[in-house]
Amino acid sequence: MPPELLPYCRPLLTPLVHFSAPVSLDSHKYSRATKRMIPGKKIIPLIVFILTSLSILRLLRFAITASPSSTISALPSPLQQNCSTSSPTCNLVPSQSPGTSKTPPKNSANATALTKKEFKLLSNLIAKKAPCNLLIFGSEPQYLKLSKINAGGITIFLEDDADKISAIKRKSNRTRVYKVEYHRPAKVAYELLKHARKNPACAPSSRLLHASKCKLALTYLPQEVYKHKWDVVVVDGPSGNTPEAPGRMATIYTASMIARTGNLTDVVVHDIDRTIEKWFSWEFLCEDNLVSSKGKLWNFRITGQSNSTSFCPAKAFQIE
């Protein structure tokens, strides 16, 4: 009997051997590819370093070539640096944006005009009193409308800018404009305030404003200013926008003296957000007389008190 035949397994084993070979070959290729990629990762820090260096160089180049005026304007002025001290003189210096020139331009491009709400408050006041005697320190273009509202009354502008005076004369023939000069810079405001408090010549009981010995009194105005009793006085000049520019100390004081010689006078002060305008208004026009306000415009109503020895019952602040 022939021996029993076993199953022939070779054909089955052969595919298994051939199957495993490709797998081993692919793994080898993958391993070699991985090894080739490893050096590429070391380049990434180098690229980051190069980009960072370029960015730093660009910043340095920008800083070097930047305009010198930009750097200077970012630094505080000496007056602003002194504000860290307790000196009241520093507090009385009007606010000034960095980079502002000490000498104001002849035109008033840097002066703040009245907002619509501020002008509405002022024009409504004039309309209620018209025809009246209206005196204005300053001459913004908006104020030309006030002379029209005050038709039949007297309107006088007191202005120190020749260019603005010419503009008013070209635009309106119904307005009287006088050129005046102011000699007290804003930086001496504190000294003038001390002078007014200690000098009896500055008291509201003093008569004849044009002959006053008080340093705050404007004694060189047109005679027409001293002759009339004014119903409304507007203080919006001089500019007072830098320490070296003429400040409004004298105009606020003079307006308060004019108001106290009349029966009932409204004194309207603009730019009340600035220190000089605010402090001198409190000192000579008095907080108790403030009847209305809108934005940077305050309206004080003053009755004649020519016999009074002080402007306000209590001082707004104390000085030595």
Side-chain angles (χ1 to χ4, degrees), residues 87-89 91-94 133 135-138 156-160 178-230 232-240 243-263 265 267-269 274-289 300 302-320:
S87 171
T89 308
N91 294 332
L92 280 173
V93 174
N133 293 342
L135 177 64
I136 302 177
F137 290 93
I156 291 180
F157 288 94
L158 302 176
E159 177 58 57
D160 62 334
Y178 295 97
K179 188 179 187 306
V180 296
E181 294 182 359
Y182 302 104
H183 308 290
R184 307 288 184 182
K187 64 182 181 181
V188 301
Y190 178 64
E191 296 302 323
L192 290 175
L193 187 58
K194 291 196 298 183
H195 164 78
R197 286 190 172 181
K198 297 177 180 179
N199 196 327
C202 299
S205 58
S206 59
R207 305 296 182 90
L208 300 177
L209 178 62
H210 63 279
S212 175
K213 300 299 182 181
C214 179
K215 293 181 181 180
L216 283 169
L218 297 177
T219 59
Y220 46 83
L221 300 178
Q223 289 300 314
E224 190 174 4
V225 174
Y226 307 112
K227 181 177 66 175
H228 293 291
K229 293 186 181 296
W230 299 97
V232 181
V233 180
V234 179
V235 178
D236 199 8
S239 64
E244 301 296 333
R248 297 181 185 173
M249 304 82 66
T251 52
I252 293 175
Y253 170 83
T254 301
S256 72
M257 295 294 288
I258 289 174
R260 285 173 170 82
T261 61
N263 296 322
T265 304
V267 179
V268 182
V269 182
R274 304 194 300 196
T275 304
I276 288 177
E277 282 77 355
K278 182 178 293 183
W279 281 24
F280 275 73
S281 293
W282 283 154
E283 180 75 16
F284 300 113
L285 300 175
C286 307
E287 183 179 3
D288 293 340
N289 295 326
F300 298 86
I302 299 176
T303 56
Q305 310 171 18
S306 58
N307 294 325
S308 176
T309 58
S310 62
F311 289 93
C312 307
K315 300 298 180 183
F317 54 91
Q318 297 297 324
I319 63 174
E320 297 180 358

Does the salt bridge (Lys or Arg N to Asp or Glu O under 4.0 Å) test come out yes or no for Glu191 and Lys194, once each step is laid out?
CA-CA 5 Å; Glu191 296 302 323; Lys194 291 196 298 183; 3.6 Å; yes
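- Residues Leu218 and Thr251 meet the side-chain proximity criterion, which asks for heavy atoms closer than 4.5 Å.
- Of the possible polar contacts, one joining the Asn133 side chain to the Lys229 backbone as a donor-acceptor pair under 3.5 Å is found.
- If you take CG on Leu192 and CG on Leu216, they are separated by 5.0 Å, rounding to the nearest 0.5 Å.
- Between His228 and Trp230, the two ring planes are perpendicular [angle over 60°; tilted spans 30° to 60°].
- Tyr182 places a side-chain heavy atom less than 4.5 Å from the side chain of Tyr220.
- Between Phe300 and Ser281, the closest heavy-atom pair is CZ-CB, 3.8 Å.
- The OG1 atom of Thr219 sits 8.0 Å away from the CG atom of Leu209 when rounded to the nearest 0.5 Å.
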Apply the test side chain to side chain contact (heavy atoms under 4.5 Å, CB included) to residues Val267 and Ile258: give CA-CA distance (whole Å), side-chain angles for both, the deciding distance (0.1 Å), then the verdict.
CA-CA 10 Å; Val267 179; Ile258 289 174; over 6 Å; no
Apply the test side chain to side chain contact (heavy atoms under 4.5 Å, CB included) to residues Met249 and Ile276: give CA-CA distance (whole Å), side-chain angles for both, the deciding distance (0.1 Å), then the verdict.
CA-CA 7 Å; Met249 304 82 66; Ile276 288 177; 3.8 Å; yes
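- Within 6.0 Å of NZ on Lys213 lie no more than 12 heavy atoms contributed by other residues, nucleotides or ligands.
- Between Pro204 and Phe311, the shortest heavy-atom contact is CD-CE1, 3.5 Å.
- Ion pairing of Arg197 with Glu283 is present here, as a side-chain N (NZ or NE/NH1/NH2) and a carboxylate O approach within less than 4.0 Å.
- A pairwise comparison of heavy atoms in Ala201 and Ser212 identifies O-OG, 3.7 Å as the closest pair.
- Looking at His195 and Cys214, their side chains come closer than 4.5 Å, going by heavy atoms from C-beta outward.
- Rounding to the nearest 0.5 Å places CG of Leu158 at 13.0 Å from CD of Glu181.
- Thr265 approaches Val232 most closely through the heavy-atom pair CG2-N, 4.4 Å.
- Considering only heavy atoms from C-beta on, His210 stays 4.5 Å or farther from Leu221 through its side chain.
- Shown here for Gly247 and Pro238, the closest heavy-atom pair between the two residues is O-CG, 3.3 Å.
- Inter-residue side-chain proximity for Val233 and Thr254 is flagged as unmet; no heavy-atom pair is nearer than 4.5 Å.
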Before you tell me yes or no, could you show the steps for Phe157 and Val234 under side chain to side chain contact (heavy atoms under 4.5 Å, CB included), namely the whole-Å CA-CA distance, both residues' side-chain angles and the distance that decides it to 0.1 Å?
CA-CA 10 Å; Phe157 288 94; Val234 179; over 6 Å; no
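- Residues that satisfy the ring pair (Phe, Tyr, Trp, His ring centres under 6.0 Å) test with Tyr178, not counting sequence neighbours, are absent from this structure.
- The closest side-chain heavy-atom distance from Arg274 to Trp279 is not below 4.5 Å.
- Proximity of Ile252 to Leu285: side-chain heavy atoms (C-beta onward) are separated by under 4.5 Å at one or more points.
- Counting only heavy atoms from C-beta outward, the side chains of Tyr253 and Val235 never approach each other to under 4.5 Å.
- Looking at Arg260, its side chain never comes within 3.5 Å of a backbone N or O of Gly304 through a donor-acceptor pair.
- With rounding to the nearest 0.5 Å, the separation of CG in Asp288 from CD1 in Ile302 is 11.0 Å.
- The nearest pair of heavy atoms linking Pro243 to Pro185 is O-CB, 3.6 Å.
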